[in-house]
Protein chains: 2
Amino acid sequence: MGSQESLAASATSEIYTALKRDLIGGRFRAGEKLAINALKQHYRIGLSPLREALNRLAAYGLLEQENQRGFRVPALSRDELDDIIALRQRFEGEALTQALARGDADWEARLIGAGHRLKRADETATDLEQWEQAHLQFHRCLLEQCGSPWLLRFIEQLHDQFDRYRRMAPANPAIRETLDSQHAELVTLALAGHSRAACDLLQAHIRLSGEVALGACQIDERGQS
Amino acid sequence: MGSQESLAASATSEIYTALKRDLIGGRFRAGEKLAINALKQHYRIGLSPLREALNRLAAYGLLEQENQRGFRVPALSRDELDDIIALRQRFEGEALTQALARGDADWEARLIGAGHRLKRADETATDLEQWEQAHLQFHRCLLEQCGSPWLLRFIEQLHDQFDRYRRMAPANPAIRETLDSQHAELVTLALAGHSRAACDLLQAHIRLSGEVALGACQIDERGQS
DNA sequence: TATCATGGAAAAATCGATTTTTTACTATGG
DNA sequence: CCATAGTAAAAAATCGATTTTTCCATGATA
């Protein structure tokens, strides 16, 4: 009752969600080979739904799959992160421009709401996963009006990839504060309809966030040597 | 899938390849619900590898999946095709510009080779699937030097989506001839290093190819009414 | 007539066991 | 000492059967 979408649960989709969360959240080491039996026990799930979820994640790019030799968590690489950052800047800049051109009053309201929830999550800082959720929703809300489902799909995918790096990286409270303030300013510029300025700020936001994420590569390199 | 390192065959990857080919090749009706048992028999494959392949294809966007109610071939829509075309133009234009800036002698040689193979396939026209393969390889070769693995991945994905429309659409020999000549000219411009002109031509090529693909939507709309 | 309940067939999802393939280890010959 | 063939253990992939859920025809009720 009351739920907008009846998300009929299934073992596969649940384990998919859980694994995705844990992969992005950094609960697996980069480059690690997944022991399927161990996963089966840890998540209390049967083999079939587990394997189906792993296949989905591999197709999505959060896992690598080699025929007959199972699944592996992708390594972190500086080059790949640079690629992801550059594409995020272009794609999200594009999407924001279009979103501003198409946004209506309802969207403005949702954006303010998402911005408010995020600010609250910044302040309370009690539950990390809750902040991550609010942050993701905010960035989604900002662009969802752009009118291009495929562009949004790619942006989401890149965002997930990016977050894997960011969440492996050490926290940087100084930069974090700037990033938080940028969120608020993004709302202001978006509502004012300053397309160009909003776009520039979003790209700066991604670049700065990339500075933090870069820390993940250094950790990874140390670990390899 | 983009990077398949292992050459070892597996039932899952084989059925994945076969299903992908048949989905893009239009051997399923748009909107059709897949009867898993029928697929099992038709492809002479067990249930587990089949389901794993279906999960991969759903994550890739060539199938839709609803919890507890199986898999469905996505409908064709004019809006989606417009989205795909617009993104292909932007992404591939971007990639071509970068490819030209980075291309070396070896790439030039490969491009000439791919162009030659495609021309031969145009002329002989004996085996449709063979031409499709040469065509795909040509477009891949044109952009592969761009240096952005993620951009290439998205381009490939959009190309597959696009081809599903194109191959459902009725053939248009007149336009086909123009498209073929554009391939040759793309090679010329690329080798000459005329970045801007090559980029414009590629975008025109995609737009014109889109005109053909549009025919699929009309067929689909007739079928629905 | 429209709505809602019901049961059984069909389909999807899941499980447990089996088969196949890889990996790690050991012994053997060059 | 290195290379390599053999083999046992482990892991991955696949199969066949079972369980769960949906779908749809039927009939009862207001």
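Scope of the values below: all heavy atoms of this structure, side chains included, with no hydrogens, waters or symmetry mates. Per chain, numbering begins at 1; letters A, B, ... match sequence-line order.
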Next item on the list: Measure from CD1 on I45(A) to P on dA13(C) and round the result to the nearest Å.
Entry: 14 Å
Next item on the list: Grab the CG-C1' distance between L50(A) and dT14(D) for me, whole Å please.
Entry: 15 Å
Next item on the list: Compute both the distance and the angle, then confirm whether K33(B) meets the cation-pi test with F71(B): under 6.0 Å from the six-membered ring centre, within 45 degrees of the axis.
Entry: no
Notebook entry, point to check: Cationic tip of R88(A) within the cone over F162(A)'s six-membered ring, i.e. under 6.0 Å and within 45° of the normal?
Noted result: yes
Check: Under a 4.0 Å N-O cut-off, is there an ion pair linking R21(A) with E129(A)?
Finding: no
Check: Are the aromatic ring centres of F91(A) and F91(B) under 6.0 angstrom apart?
Finding: yes
Margin query: Five pairs per end, C1' atoms only: what is the angle between the end axes of the helix from dT1(C)-dA30(D) to dG30(C)-dC1(D), to 10 degrees?
Written below: 30°
Check: Mind checking whether H159(B) and H139(B) have parallel, tilted or perpendicular rings, split at 30° and 60°?
Finding: tilted
Next item on the list: On DNA chain C, check which nucleotide each of L47(A) and A11(A) is closest to and give me the residue with the more 5' one.
Entry: A11(A)
Margin query: I want to check something: taking the side chain as every heavy atom from C-beta on, are R167(B) and R27(B) in contact at a cut-off of under 4.5 Å?
Written below: no
Notebook entry, point to check: Taking side chain as C-beta onward, heavy atoms only, is L143(B) less than 4.5 Å from E92(B)?
Noted result: yes
Margin query: Quick check on dA13(D): is either OP1 or OP2 less than 4.0 Å from any side-chain nitrogen or oxygen of T12(B)?
Written below: no
Note to self: Can you see whether N55(B) engages Y16(A) through a side-chain donor-acceptor pair at a distance of less than 3.5 angstrom?
What the structure shows: no
Notebook entry, point to check: Can you give one letter per nucleotide of nucleotides 6-12 of chain D, going 5' to 3': B for a protein heavy atom under 4.0 Å from the base, S for sugar-phosphate only, - for none?
Noted result: -----SS
